[in-house]
Visitor: 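Mind looking over this structure? Questions follow.
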Amino acid sequence: EVQLVESGGGLVQPGGSLRLSCAASGFTFSAYAMTWVRQVPGKGIEWLSGISSSGYSTTYADSVRGRFTISRDNAKRTLYLQMTSLKPEDTAVYYCARYPTAGAYYRQPYNPPRDNWGQGTQVTVSS
């Protein structure tokens with residue numbers, strides 16, 4: 001069973017930083033590309049970033065490029081999202097998600113099926 005558990009969310013002031021983590025279990029983490037997406041209640045899903053299974057290739061949405069950095073530690077089975085220069089419009093629930101197919105990776109926005117997501121972590125940017 002795929003299990004993804006996000007952590008690291010919280011309340012931060014505008015301009016601040018947070019690092020989200022996503023602990024993976026139930027599958028061979030190093031074989032799958034991963035993504036981060038976010039959702040504001042009542043609004044649609046926004047894809048933020050993707051990373052290949054090896055970690056060598058990454059892709060970002062224009063809204064976060066230069067401020068957010070995706071990374072992974074395959075030995076620790078953990079995905080990360082380092083967020084800097086946070087803005088109030090970054091307030092959302094953040095989810096990590098696994099590509100459904102081992103070895104696949106698209107260098108473009110891609111939202112995996114919902115059953116490959118974690119439970120989410122709330123990020124609130126406010127003064």
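Index from 1, following the sequence.
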Visitor: Starting at CZ of Phe68, measure out to OG of Ser17 and round the result to the nearest 0.5 Å.
Guide: 9.5 Å

Visitor: Please answer: with hydrophobic residues joined when any side-chain heavy atoms are less than 4.5 Å apart, are Tyr32 and Trp36 in the same cluster?
Guide: yes

Visitor: Looking only at heavy atoms, which two atoms of Ala33 and Ala104 are closest? And how far apart?
Guide: CB-O, 3.3 Å

Visitor: Linking I/L/V/M/F/W/Y whenever their side-chain heavy atoms sit closer than 4.5 Å, directly or via other members, would Val123 and Val93 fall into one cluster?
Guide: no

Visitor: Do Leu79 and Leu18 sit in one hydrophobic cluster, given that two such residues count as connected whenever their side-chain heavy atoms are within less than 4.5 Å of each other, even indirectly?
Guide: yes

Visitor: Could you go through the side-chain contact (heavy atoms from CB on, under 4.5 Å) check for Thr84 and Gln82 one step at a time?
Guide: CA-CA 7 Å; Thr84 63; Gln82 179 69 49; 4.1 Å; yes

Visitor: Quick one: list whatever passes ring pair (Phe, Tyr, Trp, His ring centres under 6.0 Å) with Tyr110, sequence neighbours left out.
Guide: Tyr99, Tyr106

Visitor: Using the rule that two of Ile, Leu, Val, Met, Phe, Trp, Tyr join whenever any of their side-chain heavy atoms come within less than 4.5 Å, decide whether Met34 and Tyr105 are in one cluster.
Guide: no

Visitor: Please report the interatomic distance CD(Gln39) to CD(Glu46), rounded to the nearest 0.5 Å.
Guide: 11.0 Å

Visitor: Atom SG of Cys96 and atom CD1 of Ile70: how far apart are they, to the nearest 0.5 Å?
Guide: 9.5 Å

Visitor: Do you know the tightest heavy-atom contact between Ser53 and Ser30?
Guide: CB-O, 3.3 Å

Visitor: Say you draw a straight line from OG1 of Thr121 to CZ of Arg38; how long is it, rounded to the nearest 0.5 Å?
Guide: 14.0 Å

Visitor: Applying the side chain to side chain contact (heavy atoms under 4.5 Å, CB included) criterion to Trp47, which one of Pro109, Pro112, Ser63 satisfies it?
Guide: Pro109

Visitor: Any donor-acceptor pair under 3.5 Å linking the side chain of Glu6 with the backbone of Gln119?
Guide: yes

Visitor: Roughly how far, to the nearest 0.5 Å, is the CG atom of Leu48 from the CG atom of Asn111?
Guide: 9.0 Å

Visitor: Quick one: list whatever passes side chain to side chain donor-acceptor pair (under 3.5 Å) with Tyr80, sequence neighbours left out.
Guide: none

Visitor: Strictly distance-based, threshold 3.5 Å: is any side-chain N or O of Arg72 a donor or acceptor partner for the main-chain N or O of Gly55?
Guide: no

Visitor: Can you label the angle between the Tyr95 ring and the Trp117 ring as parallel, tilted or perpendicular, going by 30° and 60°?
Guide: tilted

Visitor: Between Phe27 and Leu4, does a side-chain contact (heavy atoms from CB on, under 4.5 Å) hold up when you go through it step by step?
Guide: CA-CA 10 Å; Phe27 65 100; Leu4 299 169; 3.9 Å; yes

Visitor: Check whether Val37 and Val64 end up in the same hydrophobic cluster, where Ile, Leu, Val, Met, Phe, Trp and Tyr are linked by side-chain heavy atoms less than 4.5 Å apart.
Guide: no

Visitor: Say you draw a straight line from CZ of Arg107 to OG1 of Thr58; how long is it, rounded to the nearest 0.5 Å?
Guide: 7.0 Å

Visitor: State whether Lys87 and Asp90 are salt-bridged, where the test is any N-O pair (Lys NZ or Arg NE/NH1/NH2 against Asp/Glu carboxylate O) under 4.0 Å.
Guide: no

Visitor: Do any N or O atoms from the side chain of Arg77 and from the backbone of Ala24 form a donor-acceptor pair under 3.5 angstrom?
Guide: yes

Visitor: I'd like to know if the side chain of Thr91 and the backbone of Val125 have a donor-acceptor N/O pair within less than 3.5 Å.
Guide: yes

